[in-house]
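Please read the structure below before turning to the comments.
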Amino acid sequence: MSATVAFEVPTAQGPRPVTVSYTRRGRGEPLLLLHGIGHHRQAWDPVVDILATERDVIAVDLPGFGVSPALPDGLAYDLPTTTSVFGAFCEAMELDRPHVAGNSLGGLLALELGREKLVRSVTALSPAGFWSQAERRYAFGVLVTMRRIAERMPLPMVERMARTPVGRAALTSTIYARPTRRSPEAVVAETVALARATGFAETLRVGSTVQFTDDVPGLPVTLAWGTKDRLLIRRQGVRAKQIIPRARLVRLPGCGHCPMNDDPALVARVILDGSR
């Protein structure tokens with residue numbers, strides 16, 4: 001069951017209201033889950049049941065994605081603003097420095113929350129921000145193409161394609177190495193989420209200059225990359241390890257860009273081990 005929380009984010013022009021949708025389940029130390037651009041919190045569904053046996057799991061829709069409303073006028077979809085939003089979210093939810101795991105854009109946000117010492121551990125699955133300019137242009141081109149296809153496809157066509165393994169592969173093989181493991185309902189929902197993401201274009205625009213260049217000292221950091229990541233290729237993990245030398249770099253055999261679907265047991269174990 002989803003819920004929403006409203007809170008204010010400080011800005012130079014005064015506090016601005018933000019609303020975030022989330023689900024929460026489990027027991028133990030708090031663990032915040034952050035999805036990638038164009039996705040929604042249901043990207044974490046394959047691992048939530050496992051994580052919830054040992055953690056208080058809070059999976060969120062980023063502002064402007066899923067069913068979370070867009071950011072109000074005056075708030076940008078940049079890294080400093082989004083970090084402030086989740087600092088305020090944690091305060092509103094009374095989360096005292098939760099563990100955080102993120103995928104893609106969510107992995108970049110998780111690392112930034114770690115750099116700002118707002119969390120107690122970071123697990124970043126194929127995080128953005130460690131690309132060369134050529135790799136970034138390639139990834140953004142793929143994302144824009146995926147978005148345009150999702151926007152232009154009538155819902156009945158998406159539903160029809162999602163019923164077959166070949167159709168699910170056509171819709172999601174860019175982000176999943178094992179797309180047929182995703183249920184038809186999940187594929188339809190995430191295609192719709194991509195098409196309707198109000199924060200997509202602006203997030204992509206400000207992301208064109210993003211490069212993560214700082215260490216994240218003083219807390220446990222895990223970097224994990226799928227060996228079959230076709231969006232942010234795995235050599236970016238080596239760059240990330242050079243920038244964050246104390247991080248644990250984990251290889252995820254047979255996994256794509258969103259590994260939670262491809263190998264839930266392995267990804268859950270990596271997150272749990274990284275959040276001790």
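Note that these values count all heavy atoms, side chains included, but never hydrogens, waters or copies made by symmetry. Just so you know, residue 1 is the first one in the sequence shown, and it goes up from there.
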Inset, instruction - Examine Arg136 relative to Tyr138 and say whether NZ or CZ is less than 6.0 Å from the centre of the six-membered ring and inside a 45° cone about the ring axis. - result: no
Legend entry - Non-neighbouring partners of Ala101 that pass side chain to side chain contact (heavy atoms under 4.5 Å, CB included), sequence neighbours left out: Leu31, Leu33, Trp44, Thr123, Ile271
Inset, instruction - Show your working on ring-ring contact (aromatic ring centres under 6.0 Å, His included) between Trp131 and Phe212 and close with a plain yes or no. - result: CA-CA 9 Å; Trp131 40 47; Phe212 197 88; over 10 Å; no
Legend entry - Under 3.5 Å side-chain donor-acceptor pair for His257 and Ser104: yes
Inset, instruction - Might you confirm whether atom CD of Glu91 has over 12 heavy atoms from other residues, nucleotides or ligands at distances under 6.0 Å? - result: no
Inset, instruction - Scan residues 9-29 for pairs that pass salt bridge (charged side-chain N to carboxylate O under 4.0 Å, His left out), counting only residues two or more places apart or in two chains. - result: Arg24-Asp56, Arg25-Asp49, Glu29-Arg120
Inset, instruction - Please check if atom CZ in Arg269 has more than 12 non-hydrogen atoms from other residues, nucleotides or ligands closer than 6.0 Å. - result: yes
Legend entry - Exercise: identify the closest heavy-atom pair between Ala150 and Thr191: CB-O, 3.7 Å
Legend entry - Whether over 12 other heavy atoms sit under 6.0 Å from Lys241 NZ: yes
Legend entry - Donor-acceptor contact present, side-chain Thr172 to main-chain Ala169, <3.5 Å: no
Legend entry - Distance-minimising heavy-atom pair for Leu71 and Pro63: CD2-CB, 3.6 Å
Inset, instruction - Salt-bridge test for Arg163 and Glu185: reply yes if a basic N is under 4.0 Å from a carboxylate O, no otherwise. - result: no
Inset, instruction - Taking only Lys NZ, Arg NE, NH1 and NH2, and the carboxylate oxygens of Asp or Glu, determine whether Asp214 and Arg115 approach each other closer than 4.0 Å. - result: yes
